[in-house]
Protein chains: 2
Amino acid sequence: MPSDKRRVEPRRWPSQVRAALTRERILAAAAHIFAEQGYAAGTTNRIAEHARVSIGSLYQYFPNKDAILAELLLRHIDEELDEPPATALEPAVRAIVRRAVDHHRDDPQLLRIMVEEAPRLPALIEKIERYDRARVAQVRALLAGLAEVRVADLDTAAQLVVSTVEFVVHKEMATAGGIPPERLEAELVAMLTRYLRG
Amino acid sequence: MPSDKRRVEPRRWPSQVRAALTRERILAAAAHIFAEQGYAAGTTNRIAEHARVSIGSLYQYFPNKDAILAELLLRHIDEELDEPPATALEPAVRAIVRRAVDHHRDDPQLLRIMVEEAPRLPALIEKIERYDRARVAQVRALLAGLAEVRVADLDTAAQLVVSTVEFVVHKEMATAGGIPPERLEAELVAMLTRYLRG
DNA sequence: GTCTATACGCCGATAGAC
DNA sequence: GTCTATCGGCGTATAGAC
């Protein structure tokens, strides 16, 4: 009877918690391998191996490979969309730029894969487009509230700001010999601020 | 003997010309399919089918699939690198922007594939980096010759100009609801000119 | 719930007839 | 020179034992 107690207590973790952790391990492994090797080269076998689960287990947590990238992308999107402060023009632009830079600091390689590969997966296209429109609308609203802003067309300006920040930061942070982050922030802020002042 | 003549004359086209045309057909088909379906989905079988040659013939003209993309990319690069005129700042910037826009007008989808996939093929990485450096150096030299340019660091400015033009044009031209080309040109020129004037 | 083993298909590339 | 036929390999996904 005392021996029974021993067997019962440390037997296993609560299965839901363990399952969630396994899921996380798979996602982390996928993020790592997609970032290192690209989406196509990041095979489910390699992901499973790196996460130290079998390929069979992987497919118990995700219906297919695309779903893994989809979840990584959606988490990423959810993190990023919160209102920047509407004060003066220069600090507002700085906030937008800085967020993009910080954001890419984490894992520029993975972001690269998501930016490039996700728009090809039909299941994600619409979500990405909605997200893009939301960002442009957000920036548009921000600019609309600032007296300093003097541009002919606010819609175009918002689109250009979002594209410029996203793609230029993306490029420079992902490139080895790119502009260092602090300087990149300063230059982009200068460029966009002058543009928006008209 | 007269029957011999008949057989000889219209038998075939000169083989070198025909071979060159077949090559072109393959390249054109590859460009089309890479642009539509992406590099991975654009299989050699589909390329061959679309070019109306057999898969065996395709491999007589190209050693492997990567070589097809490599040739498309190198042609593209060769076209683009010629000196812009160094007059005043605004026209110089406009020339840079306009070339990028014109360039993307042809086939924005294909360009997208080349920009995104080519840097993953080891055989092409070095060529692309050399090309990028050449472009930055070219723009740097151009800016250095213009009295209007007042920026702290010419290297950084040149890098930023190249990145901005390339990636923003790329993004807007490839997106359905993007900024229309004429307006894009105007806005980019305004933004970059103001930035460079300091 | 996790594993091993494997089905199945597709792809790049080659061989060899014509 | 162009074709058909096919090889070898790998990748996703599943079946079924434990």
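Below, read A as the first sequence line, B as the second, and so on, with proteins coming before strands; counting in each chain starts at 1. Quantities reported herein were computed from a predicted structural model and do not represent experimental measurements.
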*asked:* Is it true that, when you exclude A:R52 itself, more than 12 heavy atoms of the residues, nucleotides or ligands shown sit nearer than 6.0 Å to its CZ?
replied: no

Between [X] and [N], is there a side-chain N or O to OP1/OP2 distance below 4.0 Å?
| X | N | answer |
| --- | --- | --- |
| A:R18 | C:dT2 | yes |
| A:R46 | D:dC10 | no |
| A:S57 | C:dC3 | yes |
| A:T44 | D:dT12 | yes |
| B:Y59 | C:dT14 | no |

For A:L111 and A:H104, the nearest pair of non-hydrogen atoms, with its separation, is CD2-NE2, 2.9 Å

Starting at atom [atom1] of [X], determine the distance to atom [atom2] of [N], rounded to an integer number of angstrom.
| X | N | atom1 | atom2 | result |
| --- | --- | --- | --- | --- |
| A:E49 | C:dC3 | CD | C1' | 15 Å |
| B:D66 | C:dC11 | CG | C1' | 13 Å |
| B:L121 | C:dG12 | CG | P | 13 Å |
| A:Q37 | D:dC10 | CD | P | 14 Å |
| B:L58 | C:dT14 | CG | C1' | 13 Å |
| A:I26 | C:dT2 | CD1 | P | 9 Å |
| B:Q60 | D:dT4 | CD | P | 14 Å |
| B:F62 | C:dT14 | CZ | C1' | 18 Å |

- Message: Looking only at the side chains, is there a donor atom on one of B:T156 and A:E187 sitting less than 3.5 Å from an acceptor on the other?
- Response: no

Contacts of A:Y61 and A:I55 projected onto DNA chain C by closest heavy atom; the upstream (5') one is A:Y61

Result for 5'-nearest mapping on DNA chain C, choosing between B:Y39 and A:T22, is A:T22

Plane angle bin for A:H32 and A:H50 - parallel if under 30°, tilted between 30 and 60°, otherwise perpendicular: parallel

Would you classify A:T43 as touching base, sugar-phosphate or nothing, given that sugar-phosphate means primed atoms plus P, OP1 and OP2, and contacts are heavy atoms under 4.0 Å?
sugar-phosphate

Which part of the nucleic acid, if any, lies within contact of A:N45, taking any heavy atom under 4.0 Å across all strands shown: a base, the sugar-phosphate backbone alone, or nothing? base

Check: Looking at A:Y59, is A:K65 sitting on its ring face, NZ or CZ under 6.0 Å from the six-membered ring centre and within 45 degrees of the normal?
Finding: no

Winner on side-chain proximity to A:K65, out of D:dG1, D:dT12, D:dC3, is D:dT12

